[in-house]
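One structure below.
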Amino acid sequence: MDSKLHKECQRRRADLMGMIGVQAAAIIPGAAQKIRNNDVHYPFRQDSDFWYLTGFDEPEAVLVLLPDSSGSRSILFCRERDLKREQWDGPRAGLQGAIDDYGMDDAFPITDIDDIMPGLLEGREQVHFPLGRDGEFDQQVIGWSRYKRKQQLMPEELVSITHLLHELRLIKSQYEQQAMRRAAEISARAHMRAMRMVKNVTNERELMAELMHEFTWSGCQPAYEPIVAGGANACVLHYIANDEPLNENGLVLIDSACEFACYAADITRTFPASGRFSAEQKAIYEIVLAAQHAAISTATVEHNWDAVHAAAQSVIIDGLLDIGILSGSREQVLDTKSYQRYFMHKTGHWLGLDVHDVGDYQVDKLSRQLEAGMVMTVEPGIYIAVDDQTVEPRWRGIGVRIEDDVLVTKAEPEILSRLAPKAIDEVEALVQGE
Ligand code: GLY
Ligand code: MN
Ligand code: MN
C-alpha cells in the first residue's frame with residue numbers, strides 16, 4: 001500500500017474512533033467475492049466503507065476498531081497465507097502483511113472470527129457496524145454480542161455506523177481530491193478519444209470500445225456501466241444496451257467514467273456525430289450548457305445543495321419557454337412542474353468512492369450547506385421523447401446532458417473534469433478532427 005494511503009487510512013480510523021468514543025467498538029466488513037457461475041467470479045470490488053478505512057483489497061476480511069484512551073487498536077480478520085491457493089488466485093497479505101503493510105495493530109484468521117470476536121467486544125457498551133445492510137452480517141454481530149450477554153459482559157447497544165462514517169467520507173481530503181482529479185482526467189481523455197473516433201465508427205458499441213481502451217490503458221475500470229446513446233437513445237436515462245447503429249445526423253450522448261484508486265469520476269458529454277450541431281440540436285445544447293454554467297457557479301460555500309439544482313432549473317425553464325417547447329408563464333411552469341417532462345432528474349449527486357456517493361443532502365430537514373472538500377456532479381439535461389406530440393417534429397428525439405465533477409473549495413469551484421471539452425466550437429472541432 002502506498003505510504004500516503006497508509007497514513008490516510010490510519011487518520012480515518014483514528015477520526016472514526018474519536019467519534020464513537022472509548023466505550024464503543026466498530027466492526028466493518030469487507031466485500032464478498034461474488035460467484036457468477038462455477039469457478040467464475042464477478043470482478044472483485046472492495047466495499048467502499050471498508051476500503052476507506054483500510055486500503056485492503058482482499059475479500060473475506062473484517063475490520064474491528066477498539067478505541068482506548070491508553071492506545072486504540074485496529075484489528076483485521078483476514079485470510080491466512082496459503083501458497084497453494086495463492087498459486088491459483090494470486091498473493092494474499094496474510095496476518096503479518098496486515099500488520100506490516102496495512103498498519104494493523106493485530107490480525108487474526110477470518111476462520112477464527114466467531115471464537116475471537118466476543119472477547120474483543122467484552123466490556124464495550126456499544127457496537128457500531130453497518131446495521132441493516134446485510135441481514136446475514138447483522139445476525140453474526142448479534143451472535144457475537146449475545147455470546148457475551150449471557151455472561152453479562154455484553155455490548156448494550158448495536159448501533160448503525162453508517163451516518164458517522166459517511167459524514168467522514170463526504171469531505172474529501174487532499175489525497176482524495178488528487179485521486180479524483182486523476183479519475184476525472186483519465187475519463188475526460190476517454191471522452192475526447194470517443195469524440196475524435198466517432199467519424200471512424202458506425203455503432204454505439206464501437207465508441208464504447210474507445211472509452212474502454214482509454215480506461216484500460218490507464219489501469220482503470222469503469223466506475224459504472226457506460227451509456228453510449230446515439231440519437232433518441234439519449235432520452236432513455238439509463239440506456240446501457242450500447243448496441244445500435246449511429247445516425248450520422250444525430251447527437252451522441254456518452255455518460256462514462258472510470259475509477260482511479262477506487263475514486264469515481266462521472267462525466268457526460270453530448271456531441272454531433274457529423275461534427276456540426278443542427279440548429280435545433282444547438283438550441284437545446286446551448287440551454288443545457290448555460291444551465292450547467294449557472295449551476296456550477298452556485299457550487300460554493302455560500303450556497304446550499306438545493307441552490308445548485310434551482311440554478312440549473314431556472315435556466316432550463318427560461319430556455320424552453322424562449323424556444324416555445326414550454327408554454328405559459330414561468331410561474332405556471334413552476335407550479336405545474338411542466339418542465340419535468342424534459343428535465344426529470346436532479347442536477348447532481350455527491351461523488352467519491354461510490355459514483356452516487358454517501359452523505360446526507362439535508363441536515364435537520366434543511367438543504368445542506370456546501371462545504372469545502374465536497375465533490376458533486378453537476379449534470380443538467382433536456383430530453384425530448386421521439387414520440388412527443390406536444391412539440392414540433394424538429395425537436396423530437398433530441399437528448400442532451402452535460403455532466404462535470406465539481407470540487408467545492410473555499411473560493412471558486414474546481415471543475416475536476418474540465419479537460420473534456422463542452423463549448424460548441426471546441427466539441428465540433430474535436431469531432432471533425434481539426
Ligand atoms: N452516471 C450516473 C449518473 O450520472 O448519475
Ligand atoms: Mn452523475
Ligand atoms: Mn453520469
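Values reported hereafter were calculated over all heavy atoms of this structure, with side chains retained and with hydrogens, waters and symmetry mates removed. Just so you know, ligand 1 is whichever comes first in the structure, and atom 1 is the first atom listed for that ligand. All values derive from a computational prediction rather than experimental measurement.
The ring pair (Phe, Tyr, Trp, His ring centres under 6.0 Å) check on W51 picks up nothing, with sequence neighbours excluded. Not counting sequence neighbours, D134 has no partner by the side-chain hydrogen bond (donor to acceptor under 3.5 Å, both in side chains) test.
Under 2.8 Å from the Mn ion (ligand 2), one finds the following protein N/O/S atoms: D266 OD2, H349 NE2, E379 OE2, E403 OE2.
Listed by number with element, the atoms of ligand 1 under 4.0 Å from a non-hydrogen atom of H356 are 2 (C), 3 (C), 5 (O). Atoms of ligand 1 lying under 4.0 Å from any heavy atom of Y224, numbered from 1 in the order shown and given with element: 1 (N). Close contacts of ligand 1 with D266, meaning ligand atoms under 4.0 Å from a residue heavy atom, involve 1 (N), 2 (C), 3 (C), 4 (O), 5 (O). Using a 4.0 Å cut-off to heavy atoms of E403, the atoms of ligand 1 that qualify are 4 (O).
Contact check on D387 versus R396 returns no salt bridge, with no Lys/Arg side-chain nitrogen under 4.0 Å from an Asp/Glu carboxylate oxygen. Between R189 and E185, at least one side-chain N (NZ, or NE/NH1/NH2) sits under 4.0 Å from a carboxylate O, which counts as a salt bridge.
The shortest N or O to N or O distance between R401 and ligand 1 is not below 3.5 Å.
The salt bridge (charged side-chain N to carboxylate O under 4.0 Å, His left out) analysis of residues 159-181, with sequence neighbours excluded, yields the pairs R12-E176, D49-R169, E167-R368, R169-D354, R169-D357, K172-D357, R181-E414.
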Could you go through E210 and R193, starting from their C-alpha distance and side-chain angles, then the distance that decides it, and tell me whether this counts as salt bridge (Lys or Arg N to Asp or Glu O under 4.0 Å)?
CA-CA 7 Å; E210 300 300 337; R193 184 181 176 90; 2.8 Å; yes
Step by step, would you call D404 with R269 a salt bridge (Lys or Arg N to Asp or Glu O under 4.0 Å)? CA-CA 9 Å; D404 278 302; R269 289 292 183 265; 2.8 Å; yes
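Residue-ligand proximity: V355 is placed with every non-hydrogen atom at 4.0 Å or more from ligand 1.
Side chains of Q369 and H303: a donor-acceptor N/O pair is absent below 3.5 angstrom, by distance only.
Between F343 and H345, the gap from one ring centroid to the other is short of 6.0 Å.
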